[in-house]
Amino acid sequence: MRAAAEECGAAPGAAFLVANAEDPPFEAETFDVVFALNVLDSTALPRRVLESLQRCLRVGGLLVVTTPFDYSTMYSARKDWISEQELMG
């Protein structure tokens with residue numbers, strides 16, 4: 001983890017942690033920003049994950065969530081009138 005933090009240019013003292021997102025080991029209102037990158041599609045209880053991560057945020061904090069997205073399945077019905085180049089931007 002330390003090597004990954006250094007490679008991405010993390011600020012000195014920044015911490016990276018792998019933990020159970022359904023029950024994160026943090027006090028309530030600990031963070032200003034929480035990142036959950038490609039997590040919700042990998043858990044059986046995505047609502048619980050969101051509630052747990054929200055609990056860790058300070059009032060007015062920011063929760064950043066990403067999920068994988070497969071454009072080919074989303075727009076498959078439209079492929080007959082939109083080109084692959086237009087679809088992918």
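Nothing fancy with the numbering, it's 1 onward along the sequence.
For Q54, the side chain to side chain contact (heavy atoms under 4.5 Å, CB included) criterion is met by no residue, not counting sequence neighbours.
Taken to the nearest 0.5 Å, the CG atom of D32 stands 12.5 Å off from the SG atom of C56.
Between E29 and L57, the closest side-chain pair of non-hydrogen atoms is not below 4.5 Å.
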Expected list for residues 12-28: side-chain donor-acceptor pairs under 3.5 angstrom, two or more places apart:
unit_1, atom_1, unit_2, atom_2, d
N20, OD1, E22, N, 2.8
E22, OE2, T43, OG1, 2.6

Please list every donor-acceptor pair under 3.5 Å in which a side-chain atom of residues 60-67 meets a protein atom from a residue at least two apart or in another chain.
unit_1, atom_1, unit_2, atom_2, d
T66, OG1, N38, N, 3.2
T66, OG1, N38, OD1, 3.4

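A salt bridge does not link R55 to E51: none of the charged side-chain nitrogens sits closer than 4.0 Å to a carboxylate oxygen.
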